[in-house]
Number of protein chains: 2
Amino acid sequence: MTTSANGRRKPPTVHDVAREAGVSRGTVSRVLNGGHYVSATARKSVDAAIKKTGYVVNRHARSLITGRSDSVAFLLTEPQEKFFEDPNFNVLLRGCTEHLARHDIPLLLMLASNEDERRRLTRYITSGHVDGVLLVSSHSGDPVTAELLDAGIPLVACGKPLGFGGKVSYVAVDEREGAHEMVRHLVSTGRRRIGMITGPLDTPGGTERLAGYRDVLAESELPYDPALVVEGDYRRSGGEAAASQLLDQAPDMDAVFVASDLMAQGVVSTLQRAGRVIPDDIAVGGFDDSPAATAVSPALTTMRQPFDRISAEMVRVLLAQIAGEDTAAVILPTELVVRDSA
Amino acid sequence: MTTSANGRRKPPTVHDVAREAGVSRGTVSRVLNGGHYVSATARKSVDAAIKKTGYVVNRHARSLITGRSDSVAFLLTEPQEKFFEDPNFNVLLRGCTEHLARHDIPLLLMLASNEDERRRLTRYITSGHVDGVLLVSSHSGDPVTAELLDAGIPLVACGKPLGFGGKVSYVAVDEREGAHEMVRHLVSTGRRRIGMITGPLDTPGGTERLAGYRDVLAESELPYDPALVVEGDYRRSGGEAAASQLLDQAPDMDAVFVASDLMAQGVVSTLQRAGRVIPDDIAVGGFDDSPAATAVSPALTTMRQPFDRISAEMVRVLLAQIAGEDTAAVILPTELVVRDSA
DNA sequence: CTGAAAGCGCTTACAG
DNA sequence: CTGAAAGCGCTTACAG
């Protein structure tokens with residue numbers, strides 16, 4: 001290890017390792033890349049030389065030749081206030097970072113806030129600066145998704161991306177089944193005027209959970225009343241607004257299924273301000289089991305999304321795709337978590 | 001742009017641009033790097049050629065020769081549950097990502113969860129894979145900080161890192177002054193038995209806000225009563241526990257200054273469960289003005305930390321340091337935000 | 001101002 | 001199994 005002018009040590013290279021080990025640089029490289037076609041003795045002396053010199057591969061040099069960057073983007077293509085407000089997002093981001101770290105792959109966080117940023121990032125990504133992208137963008141027909149898909153960039157979305165006909169890999173939860181379970185729970189506790197606050201209806205979480213709600217209404221021989229359904233936006237403030245609207249439209253409502261815990265947080269406070277007691281007057285069922293679920297009082301009965309598994313699967317599918325495998329969809333189950341609100 | 005075997009287009013290189021523009025690759029490179037020592041005509045034809053070919057620089061090749069990576073790490077060195085639970089963290093992460101994006105610098109998110117990860121990441125960073133690091137780690141004497149400092153890696157911390165005697169750059173808020181303002185506000189509204197829930201006392205936010213609290217007690221000729229002070233951990237659950245303890249130790253308390261909004265959220269619910277009305281019985285003052293502040297009812301009176309500016313300054317100072325400037329500390333003011341809780 | 005050339009640190013056919 | 005050699009795409013003294 002030599003010291004250069006600016007005082008920063010110049011790190012050892014394959015050359016230094018080769019010299020130390022008494023082999024050629026090619027052999028060092030072979031050891032570094034899996035140790036195939038290398039004798040046990042050579043491998044051993046290279047390993048020792050690596051340890052001794054403190055050698056760490058220069059990823060830029062490697063990338064220059066392999067054409068891979070050994071890094072992955074985590075891309076948010078929507079107004080991110082929403083995501084950053086939602087504790088689910090954190091759990092997902094953390095999970096992806098940790099799972100990638102196990103493969104020694106850094107995660108580049110990218111926020112496409114506006115048209116300019118979208119263009120810049122699309123260009124960055126399609127220029128091969130990352131090997132693949134973990135995509136968080138639930139709205140249908142997202143233009144970035146289309147461009148990346150078009151450029152052949154390995155891609156896996158969180159939640160089924162609408163409008164791409166099965167051409168993009170994704171990891172999602174069984175939305176409809178999750179809704180079934182929650183609404184059945186509400187019905188089983190004697191609720192008959194069950195309202196719903198949906199997610200945005202151009203997202204699968206929006207449409208599918210609503211569909212599940214209607215399924216159970218039908219199977220329970222409960223009438224579907226449009227006055228009991230309001231579209232939300234997955235934000236706390238949206239939950240508050242939607243709850244007020246429901247209170248107006250259907251004052252006799254005895255339960256609400258809310259498509260996210262964050263919205264449910266807003267719903268709870270609006271209902272309480274209106275003098276309703278939860279769950280006695282109105283039961284509230286959430287979705288996610290995010291940290292928001294236990295930050296409210298009463299704590300939320302909700303459908304747990306396995307975000308730890310979701311992030312693990314996203315990483316697994318993406319890495320497989322980078323390695324050349326075909327696209328894939330992974331559907332994970334949700335789980336009813338009964339607490340105090342329903 | 002040629003198409004290679006695997007169907008992915010092979011991007012144009014300086015060579016293609018040079019050919020298109022009728023100049024040498026050196027000239028193309030000069031245009032790319034600021035356009036010095038290049039004639040206006042040459043510059044123009046290179047620009048045109050870049051546009052025409054859709055050229056994007058290959059950062060790996062550039063990094064290999066410049067020795068810079070043109071990327072920056074955002075490093076969390078603590079059990080991150082805490083950070084990921086705290087909405088402040090999101091705001092900071094987002095701000096840093098956006099400010100770096102303006103310089104076309106990607107942010108690599110790194111989580112040092114355990115000893116192994118700490119070692120791996122330290123190695124990664126000190127091997128020159130990033131040009132600098134934005135550090136979030138408030139506890140004193142953090143070993144990663146020491147190692148990075150030692151390796152001469154440009155570094156800027158969020159909040160003053162304790163135990164490094166001014167050798168590390170940081171951006172922080174005037175903690176003590178912030179505490180002054182809040183406690184004076186409490187005093188000015190007639191409170192006399194003012195409790196405090198501090199942050200961890202090995203962090204500057206912990207000690208300084210406590211010091212500020214004591215300052216104002218003294219200037220107001222209010223006695224300092226240890227029974228009124230409990231150490232918290234910046235978590236909601238910690239706020240709940242601390243509030244219970246205060247309720248036991250000092251049932252006559254008529255205000256609490258809580259060192260973070262997230263803890264204050266827990267405090268509010270504990271106090272309310274105990275039948276106290278806020279602010280009538282007890283005033284609650286927070287710190288941060290995080291999204292948590294308006295997620296509670298009553299909404300929190302709090303000290304606003306300018307996270308947008310904090311992240312902007314962190315990025316600015318880091319970039320300056322990467323460019324060779326000396327370390328620097330930036331202290332930003334807080335601002336009292338009066339809502340309903342005090 | 002500009003071109004030819006060297007070289008950054010690595011990987012990978014190619015011979016052997 | 002192993003070494004010598006070419007080359008990934010760029011930047012930067014060096015001459016001119």
**Study point:** By side-chain contact (heavy atoms from CB on, under 4.5 Å) - contacts of B/Arg25 (at least two apart)
**Key:** B/Val14, B/His15, B/Ala18
Check your understanding: How long is the span from the CZ atom in A/Arg62 to the CG atom in A/Asn33, to the nearest 0.5 Å?
Key -> 5.0 Å
Exercise for review: Go through the structure and list residues passing side-chain contact (heavy atoms from CB on, under 4.5 Å) with B/Thr126, not counting sequence neighbours.
Suggested key: B/Thr122, B/Leu148, B/Ala151, B/Ile153
Practice item. Extract the stems that DNA chain D is part of, considering only consecutive pairing runs of at least three Watson-Crick or G-U wobble pairs, both distances under 3.5 Å. Key: C:1-3 with D:14-16, C:5-12 with D:5-12, C:14-16 with D:1-3
**Study point:** Base-contact (B) and sugar-phosphate-only (S) positions in nucleotides 9-16 of chain C, heavy-atom cut-off under 4.0 Å, - elsewhere
**Key:** BBBBB---
Exercise for review: Taking atom C1' in both C/dG16 and C/dT12, compute the distance separating them and give it to the nearest angstrom.
Suggested key: 16 Å
Practice item. Nearest 0.5 Å please: distance from the OG atom of A/Ser69 over to the NE2 atom of A/His60. Key: 11.0 Å
Point to revise | Residues forming a ring-ring contact (aromatic ring centres under 6.0 Å, His included) with A/His129, sequence neighbours excluded | key: A/Tyr124
Review point. Say you draw a straight line from OG1 of A/Thr77 to CD of A/Glu147; how long is it, rounded to the nearest 0.5 Å?
Key: 11.5 Å
**Study point:** Backbone of A/Ile105 reached by a side-chain donor or acceptor of A/Ser71 within 3.5 Å
**Key:** no
Exercise for review: Nearest whole angstrom, please: distance from the P of D/dC8 to the CG of B/Asp16.
Suggested key: 11 Å
Exercise for review: Mind listing the closest non-hydrogen atom pair of A/Val46 and A/Val23 along with its distance?
Suggested key: CG2-CG2, 3.8 Å
**Study point:** B/Arg19 bridged to B/Asp16 by N-O distance under 4.0 Å
**Key:** yes
Review point. So, are B/Asp116 and B/Arg119 salt-bridged, with charged N and O less than 4.0 Å apart?
Key: yes
Exercise for review: Go through residues 37-49 of chain A and report each residue with a non-hydrogen atom lying under 4.0 Å from DNA chain D, sorted by number.
Suggested key: A/Tyr37, A/Val38, A/Ser39, A/Ala42
